[in-house]
Amino acid sequence: MVKISLEVSGLEKVFNRRKVFSDISLTMRESDSLTITGRNGAGKSTLLKILSGLLSPSRGTIDFSVDQNPVSDGLRHRYIGFVAPYLQLYDEFSALENLDFFRKVRGLDVSRSSLLELLERFSLAERGAEPLRTFSSGMKQRVKYAFALLHRPPVLLLDEPSSNLDAEGIDAVYRIVDDQKQRGIVVIATSNAEELHRCDQVLDLDRIAPKSSIPV
Amino acid sequence: MHSSRFSPASSIFAKDLRSEIRTRYALNALLMFVITTIAVILFAIGNETPAPEILSGVFWVIVFFSAMSGLSRTFIAEEERGTVMTLRLVARPLSVYAGKLLFNIALMVSLNLFTAVLYGAVITNFRIENYAIFAAAFVLGTLGLASASTIIAAIISKANTKGTLYPVLSFPILLPLLLSVIDATKKSVEGAPFSEALGDLQVLLSYLIAMTVVSYLLFDFVWNE
């Protein structure tokens with residue numbers, strides 16, 4: 001198993017003078033899993049975006065290393081798989097074309113048959129050649145999972161993981177979470193009570209008082 | 001697993017090209033803009049015969065406004081579809097910049113070729129006497145326009161008033177390029193020797209290099225947040 005370390009220290013985010021959260025510190029290693037919860041607007045998505053490198057923190061640091069080699073902020077995306085409602089795929093392209101495009105942009109050497117296998121895992125192989133605009137919201141959500149797992153990331157970030165999914169899709173997601181726990185880090189942001197205990201640890205953003213540090 | 005012969009920039013270029021071929025979002029609008037503008041000019045001219053020097057200026061006015069109506073699409077479309085964050089997650093900023101620049105160059109070259117052929121065919125008084133000057137001004141002007149438009153499009157794509165902001169912000173930035181390219185085109189229709197247009201062509205080349213280097217350095221800040 002790859003040795004991973006994610007150390008967050010004194011994280012703070014301010015939007016237009018409004019402090020979303022402050023002084024979040026946590027340490028995660030391989031096989032660790034964390035659920036981030038809190039009311040709407042507590043900063044769950046913001047925290048995930050910061051962890052993925054999509055947003056910069058207003059204050060604080062994130063130290064990420066793989067096999068004890070520090071990974072710079074600019075390269076962190078290579079090790080992260082991310083599923084979120086605000087991460088859209090290209091509607092005019094098919095699921096296969098989307099995956100093929102992201103494979104090339106990420107510089108991955110993955111065969112077409114592997115892409116089909118990945119789609120098959122989400123029961124999408126038969127419709128893999130159809131444009132995404134013909135897909136339902138739940139099917140698009142499944143393609144997003146295929147996109148996130150394309151490069152077998154050691155860190156998986158899931159924002160509202162079961163949104164738009166049917167019972168079969170939710171089961172598939174929970175299997176992915178359990179698999180990921182065996183080989184890396186998984187962080188879930190959710191306000192769904194059923195998902196709170198999918199992970200070993202819980203970070204409740206509502207319970208973080210300004211300027212206090214909550215160990216996870 | 002991280003080894004593929006496709007560079008991220010060329011993949012982004014190919015994706016944009018394929019998307020444009022499927023949706024024809026920018027291309028249709030640009031072609032219609034060029035055709036209607038040239039038709040309006042034909043009606044406005046009527047039986048008059050404007051000086052070729054004026055017509056060379058009008059040619060670049062058409063090119064400027066058609067660029068303003070279509071070149072911002074490459075970034076605005078990513079914002080509107082919500083794919084900008086996905087792209088930011090998977091690609092390095094410079095790969096995105098290079099891919100988008102290549103796409104805008106391809107779009108601008110095809111559009112300007114179409115405009116030049118149509119304009120030359122229907123505006124009878126627009127006759128090129130020195131093709132070497134015209135070709136050099138055309139290539140450098142087109143590349144400079146594409147380079148400047150790409151970074152301006154990235155800047156305005158996050159604004160609420162994208163449509164109006166784009167030409168307003170572009171005009172002062174593109175003015176040095178427009179003045180030189182119009183002057184060089186004027187010399188090409190007058191049949192001036194190549195040496196006379198060297199000054200303009202040097203300005204166009206310097207503009208292209210400066211704009212591309214500055215965009216390359218700035219794009220990281222524009223793209224992230």
Side-chain angles (χ1 to χ4, degrees), chain A residues 2 13 15 45-46 48-58 72-94 97-111 114 131-133 140 143-144 147-148 150-154 157 159, chain B residues 1-28 73-100 102-103 157-158 160 216-217 219-225:
Chain A
V2 186
K13 186 66 187 176
F15 280 125
S45 299
T46 303
L48 281 192
K49 284 180 193 172
I50 292 173
L51 292 179
S52 71
L54 280 174
L55 276 182
S56 314
S58 305
S72 68
D73 290 352
L75 291 179
R76 205 188 309 153
H77 69 270
R78 286 190 176 189
Y79 303 92
I80 288 176
F82 195 1
V83 179
Y86 38 83
L87 291 176
Q88 300 295 334
L89 304 178
Y90 294 93
D91 267 0
E92 67 271 33
F93 296 139
S94 69
E97 286 170 333
N98 265 287
L99 293 185
D100 194 45
F101 166 63
F102 290 113
R103 170 188 77 79
K104 287 174 185 168
V105 173
R106 281 193 182 275
L108 303 172
D109 203 3
V110 179
S111 66
S114 303
L132 247 56
R133 65 169 174 269
K140 283 183 187 173
V143 183
K144 285 185 188 180
F147 152 73
L150 184 62
H151 53 305
R152 297 178 59 78
L157 308 177
D159 195 349
Chain B
M1 208 132 141
H2 282 277
S3 61
S4 171
R5 63 198 164 89
F6 300 99
S7 83
S10 61
S11 304
I12 290 168
F13 166 67
K15 183 271 293 177
D16 278 355
L17 202 62
R18 187 187 280 189
S19 175
E20 183 55 41
I21 290 166
R22 286 199 189 164
T23 60
R24 297 204 186 124
Y25 206 103
L27 203 59
N28 278 356
R73 289 303 312 162
T74 179
F75 282 103
I76 292 176
E78 301 278 2
E79 283 285 346
E80 286 177 352
R81 286 184 296 206
T83 48
V84 69
M85 259 194 199
T86 318
L87 203 52
R88 226 186 305 156
L89 183 73
V90 298
R92 303 186 80 174
L94 291 180
S95 304
V96 177
Y97 171 70
K100 298 289 183 187
L102 284 174
F103 175 74
S157 64
K158 291 180 176 71
N160 291 328
Y216 186 82
L217 296 173
F219 190 77
D220 210 354
F221 301 100
V222 175
W223 182 242
N224 291 318
E225 292 181 69

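Everything quoted here is computed from the prediction, not taken from an experiment. Because only heavy atoms are used, hydrogens play no part in the values below, and waters and symmetry mates are left out as well, while side chains stay in.
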Practice problem: Start with the C-alpha gap between B:R92 and A:H77, add the side-chain angles, then the distance that decides, and say whether side-chain contact (heavy atoms from CB on, under 4.5 Å) holds. | Solution: CA-CA 9 Å; B:R92 303 186 80 174; A:H77 69 270; 4.1 Å; yes
Quiz item: Side chain, backbone, both or neither: which part of A:K49 has a heavy atom under 4.5 Å from chain B?
Solution: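 For A:K49, the side chain is the part near chain B, not the backbone.
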Self-check item: Side chain / backbone / both / neither for A:F93 at chain B, heavy atoms under 4.5 Å
Solution: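 Contact with chain B: backbone and side chain both.
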Quiz prompt | Among A:F82, A:Y90, A:Y86, residue most engaged with chain B (heavy-atom pairs, under 4.5 Å) | solution =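 Heavy-atom pairs under 4.5 Å are most numerous for A:Y90.
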Straight-line distance of [X] [atom1] to [Y] [atom2], nearest 0.5 Å:
X: A:Q88; Y: B:L87; atom1: CD; atom2: CG; answer: 13.5 Å
X: A:D91; Y: B:R22; atom1: CG; atom2: CZ; answer: 12.0 Å
X: B:K15; Y: A:D100; atom1: NZ; atom2: CG; answer: 13.5 Å
X: A:L89; Y: B:R81; atom1: CG; atom2: CZ; answer: 11.0 Å

Quiz item: Are any non-hydrogen side-chain atoms of B:S95 and A:V105 less than 4.5 angstrom apart?
Solution: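 When only atoms from C-beta onward are counted, A:V105 and B:S95 do not touch, as no gap falls below 4.5 Å.
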Quiz item: Heavy-atom distance under 4.5 Å between the side chains of B:T86 and A:F102, does that happen here?
Solution: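 B:T86 reaches A:F102 side chain to side chain.
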Practice problem: With a 4.5 Å cut-off on heavy-atom pairs, point out which of B:T23, B:V90, B:I12 contacts chain A the most. | Solution: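 So the answer, after comparing B:T23, B:V90, B:I12, is B:V90.
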Quiz item: Top residue by heavy-atom pair count (under 4.5 Å) with chain A, among B:D220, B:L89, B:V96?
Solution: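 Result: the option with the highest number of such pairs is B:L89.
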Quiz item: At a heavy-atom separation under 4.5 Å, does B:T83 approach chain A through its side chain, its backbone, both, or neither?
Solution: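 Contact with chain A is through both the backbone and side chain of B:T83.
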